[in-house]
Amino acid sequence: TGGAIPLYTMVTGASSVVSYTDNRAWVAPGYLPGNGSVAVTAADVGLTAAANADKARCSYLTTTGVLTGNRNVIVPNSWQCVVFCNNSGPYTTTFKTPAGSGVVVAQGKRALLLADGTNVVRVTPDT
């Protein structure tokens, strides 16, 4: 109806809800982290895991540690962040989704990255 704000769009079957889409606008509350840091050294790091889930909500993320091999930072399919790759060692740090392709950010550089639902893509070059 006029003036209404849609909360959900639902698809129904004969007797149940088949699927729904959340249409609510979301504003980040002040208690969500703006900046965060995650150590990436001897293994891939998942920002979707419970231990690092708050890091997935950061608007600025710094990776730290001495890399012992090429490592991945695995991010949610719906994610965006300015990242600072502050690692050292002769290896690379790739930001990628669980099943998609990723982007390598050079050590000592920053980049704005975006997960497009499948892959992580670079919005800006390394700076």
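Count residues from 1 along the sequence.
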[X] to [Y] - nearest heavy-atom pair and separation:
{"X": "Cys81", "Y": "Cys58", "value": "SG-O, 3.5 Å"}
{"X": "Gly13", "Y": "Val18", "value": "N-CG2, 3.4 Å"}
{"X": "Cys85", "Y": "Ala106", "value": "CB-O, 3.5 Å"}

Check: Got a sec, which residues hit salt bridge (Lys or Arg N to Asp or Glu O under 4.0 Å) with Asp126, two or more places apart in sequence or on another chain?
Finding: Arg122
Next item on the list: Check side-chain hydrogen bond (donor to acceptor under 3.5 Å, both in side chains) between Thr9 and all other residues, then give those that pass, not counting sequence neighbours.
Entry: Asn23
Note to self: To the nearest 0.5 Å, what is the distance between CG on Asn70 and OG1 on Thr92?
What the structure shows: 3.5 Å
Check: Roughly how far, to the nearest 0.5 Å, is CZ of Arg71 from OG1 of Thr93?
Finding: 9.5 Å
Within one Ile-Leu-Val-Met-Phe-Trp-Tyr cluster: [X] and [Y], side-chain cutoff 4.5 Å:
{"X": "Phe95", "Y": "Phe84", "value": "no"}
{"X": "Leu114", "Y": "Tyr60", "value": "yes"}
{"X": "Ile74", "Y": "Trp79", "value": "no"}
{"X": "Val121", "Y": "Val82", "value": "yes"}

Check: How about Thr62 and Asn86: does a side-chain donor come under 3.5 Å of a side-chain acceptor?
Finding: no
Checklist line | Heavy atoms of other groups near Tyr20 OH, more than 12 under 6.0 Å | finding: no
Hey, is the main chain of [Y] close enough, under 3.5 Å, to the side chain of [X] for a donor-acceptor pair?
{"X": "Thr41", "Y": "Gly65", "result": "no"}
{"X": "Gln107", "Y": "Tyr91", "result": "yes"}
{"X": "Asn119", "Y": "Gly100", "result": "no"}

Is the closest side-chain heavy-atom distance between [X] and [Y] below 4.5 Å?
{"X": "Leu47", "Y": "Val73", "result": "yes"}
{"X": "Val38", "Y": "Leu61", "result": "yes"}
{"X": "Thr63", "Y": "Val83", "result": "no"}
{"X": "Leu67", "Y": "Val40", "result": "yes"}

Check: Which one of Leu112, Val103, Leu113 satisfies the side-chain contact (heavy atoms from CB on, under 4.5 Å) criterion with Val123?
Finding: Leu112
